[in-house]
Amino acid sequence: MLRKTDFFIDGKWVAPTVAKELEVINPADEQAFAVISLGSAADVDKAVAAAQRAFPAWSTTSREQRVALLEKLLAAYNRRVRDMAQAISWEMGAPIRLALESQAASGSGHIESFIDVLKGFEFEEPLNEKNPQERIVREPIGVCGLITPWNWPMNQVALKVVPALAAGCTVVLKPSEIAPMSSIVFAEMMEEAGFPAGVFNMVNGDGPTVGEAMSRHPGIDMMSFTGSTRAGVAVTKAAAETVKRVALELGGKSPNIVFDDADLTDAVTRGLAHCFENTGQSCNAPTRMLVQRPVYAKAVDIAAKYAATVKVGNPAEDGDHIGPLSSDVQFDKVQAIIDAGIKEGARVVAGGLGRPEGFNRGYYVRPTVFADANNDMRIAREEIFGPVVAMIPFETEEEAIAIANDTPYGLSAYVQTSDKARAQRVARKLRAGMVQINGTDRPYGSPFGGYKQSGLGREGGKWGLEDFLEVKAISGFEEGLG
């Protein structure tokens with residue numbers, strides 16, 4: 001049993017003010033493999049005070065100094081990437097191959113991308129050629145509170161910590177208490193890289209205690225949160241009392257529009273594979289598959305046959321199988337929504353209720369495909385966060401766009417068609433922050449975020465850096481004086 005009950009505050013590993021131990025559960029076997037401690041408001045106070053002390057010096061470091069430290073962090077990360085992958089696999093159930101090649105790899109990918117952004121970012125510039133004495137300066141916002149989720153832990157830690165530090169901010173990180181071990185490894189990497197004391201701080205804890213204390217804290221200038229829309233609303237309300245900036249990356253119910261001229265087998269199987277990846281626990285998963293009526297029946301048949309081939313297995317074993325859900329709470333939620341889909345009249349063509357055959361423990365679920373769904377059903381409106389796809393027929397392009405946009409979310413959308421003009425036309429009409437056409441991948445540095453209840457702000461690339469900067473206009477500025 002691993003014991004990792006200390007927090008990283010002011011450059012040191014320190015015991016919590018009051019110990020409140022929590023077992024970390026491996027979702028593959030429902031057994032505890034580690035113990036952490038949950039923090040309190042007093043621990044948040046200590047971390048914020050350390051970040052405040054460090055901010056004046058860190059905020060005035062040069063671009064070159066920050067780049068050098070981030071490059072040391074990248075080197076430390078790459079040296080320990082297998083340790084990171086193992087921690088992620090144990091804490092949230094990602095199969096070890098996915099944990100190494102996607103989960104852990106996303107951390108190093110984002111660090112490298114932000115280093116490139118920082119090297120070329122313009123922190124100062126004249127307003128325009130006509131007004132060279134009006135100087136626009138971008139400065140770090142201050143102390144940033146960062147709350148990250150359990151589903152892609154290092155993806156989100158890197159998307160928050162790295163641009164905040166690159167901007168010149170200091171940070172207090174609260175990782176998910178469900179998946180804290182990867183962030184402990186990350187904190188060890190930060191220590192190894194040699195960041196000054198107080199620049200990076202980490203306090204474990206739950207949302208109602210540590211998350212709430214951070215959101216309300218007058219010493220925190222900005223909150224950046226990734227998680228459910230419900231929790232994002234709570235962070236926003238708590239932060240409102242001190243009028244701090246809030247950046248949110250929240251839920252999604254992403255449509256995947258399959259037109260009748262698409263390569264149907266490729267489009268359907270690719271869509272299901274994307275949804276089932278990470279056991280469906282991705283905010284941008286294409287969980288609503290909208291299929292044009294002439295090919296709908298064939299698409300349902302393809303989906304049913306493909307889903308039946310998807311393997312579920314032990315995350316410790318190598319392979320391309322999917323693993324368990326992250327927790328008992330998530331397991332119960334997914335089962336309840338599958339049950340609701342059945343009761344509302346959608347047709348189960350693959351999967352369904354219960355664990356897959358051969359499993360009597362662990363939070364494993366059956367990859368599930370519903371046909372004949374409509375956009376009023378819970379399976380089409382709620383973010384399930386499991387390997388569940390709802391297939392919905394449509395007649396025309398206009399109807400597809402209307403169904404796709406009929407959601408409180410607006411994170412991602414996907415378009416499958418051989419008509420390039422239609423693909424671009426539809427992409428422009430979809431109310432989503434990201435649209436991917438015919439299976440194209442999103443590169444590191446592209447802005448990640450959404451419309452409506454999917455959040456506020458963008459993560460990644462120059463947009464992610466700008467989130468942590470204030471804009472100052474200096475009038476009467478003269479070059480060469482300071």
Side-chain angles (χ1 to χ4, degrees), residues 27-30 92-95 98 151 251-256 258 264-265 267-283 285-291 296-315 319-393 403 407:
D29 59 13
E30 303 181 42
M92 56 78 60
L98 177 76
N151 62 318
K253 195 66 185 175
S254 301
N256 183 10
V258 181
L264 195 63
T265 299
V268 172
T269 56
R270 183 175 61 239
L272 263 63
H274 187 177
C275 183
F276 293 162
E277 182 191 39
N278 206 42
T279 319
Q281 298 170 124
S282 299
C283 53
T287 53
R288 290 185 296 152
M289 185 177 289
L290 283 52
V291 184
Y296 177 74
K298 185 177 179 181
V300 170
D301 184 59
I302 293 168
K305 290 177 179 176
Y306 175 80
T309 69
V310 175
K311 297 176 182 177
V312 180
N314 187 340
D320 58 0
H321 54 277
I322 67 173
L325 294 172
S326 64
S327 67
D328 57 345
V329 172
Q330 195 62 22
F331 179 86
D332 291 343
K333 175 189 173 185
V334 172
Q335 293 297 310
I337 297 185
I338 291 174
D339 185 54
I342 294 169
K343 290 176 178 176
E344 288 181 332
R347 177 163 54 100
V348 177
V349 297
L353 290 167
R355 290 180 172 87
E357 186 177 347
F359 292 92
N360 59 13
R361 66 183 307 167
Y363 307 127
Y364 297 95
V365 296
R366 301 167 69 189
T368 298
V369 178
F370 282 101
D372 306 340
N374 65 61
N375 224 35
D376 294 327
M377 295 178 176
R378 285 183 64 190
I379 54 172
R381 301 209 69 79
E382 297 184 20
E383 185 177 44
I384 301 172
F385 240 51
V388 182
V389 174
M391 299 185 72
I392 303 171
I403 294 171
T407 172

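Side chain of K253 to main chain of R381: no donor-acceptor pair is present (N/O by atom type, distance under 3.5 Å, no hydrogens or angles). When atom types are taken as modelled, the side chain of E344 and the backbone of M377 share no donor-acceptor pair closer than 3.5 angstrom. Q281 contributes a side-chain N or O that, together with a main-chain N or O of N278, makes up a donor-acceptor pair within less than 3.5 Å. Side-chain N or O atoms of T279 include none that pairs as donor or acceptor with a backbone N or O of L325 at under 3.5 Å. A distance-only check finds no donor-acceptor pair linking the side chain of K298 to the backbone of L264 [under 3.5 Å].
With sequence neighbours left out, E277 forms a salt bridge (charged side-chain N to carboxylate O under 4.0 Å, His left out) with no residue at all.
For the side-chain hydrogen bond (donor to acceptor under 3.5 Å, both in side chains) with R288, the lone residue among N375, T407, N256 that qualifies is N375.
In terms of heavy-atom proximity, P27 sits nearest to S326 at CB-O, 3.5 Å.
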Side chains of residues 331-339: which donor-acceptor partners sit under 3.5 Å, not counting sequence neighbours?
{"unit_1": "K333", "atom_1": "NZ", "unit_2": "E383", "atom_2": "O", "d": "3.1"}
{"unit_1": "Q335", "atom_1": "OE1", "unit_2": "G354", "atom_2": "N", "d": "2.8"}
{"unit_1": "D339", "atom_1": "OD2", "unit_2": "K343", "atom_2": "NZ", "d": "2.9"}

Practice problem: Show your working on side chain to side chain donor-acceptor pair (under 3.5 Å) between D301 and Y306 and close with a plain yes or no. | Solution: CA-CA 9 Å; D301 184 59; Y306 175 80; over 6 Å; no
Exercise. Given side chain to side chain contact (heavy atoms under 4.5 Å, CB included), test M289 with L272 step by step and report yes or no.
Key: CA-CA 9 Å; M289 185 177 289; L272 263 63; 3.3 Å; yes
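Checked by atom type, the side-chain pair D29/Y363 shows no donor-acceptor distance below 3.5 Å.
Distance OG1/T265 to CZ/R270: 11.0 Å, rounded to 0.5 Å.
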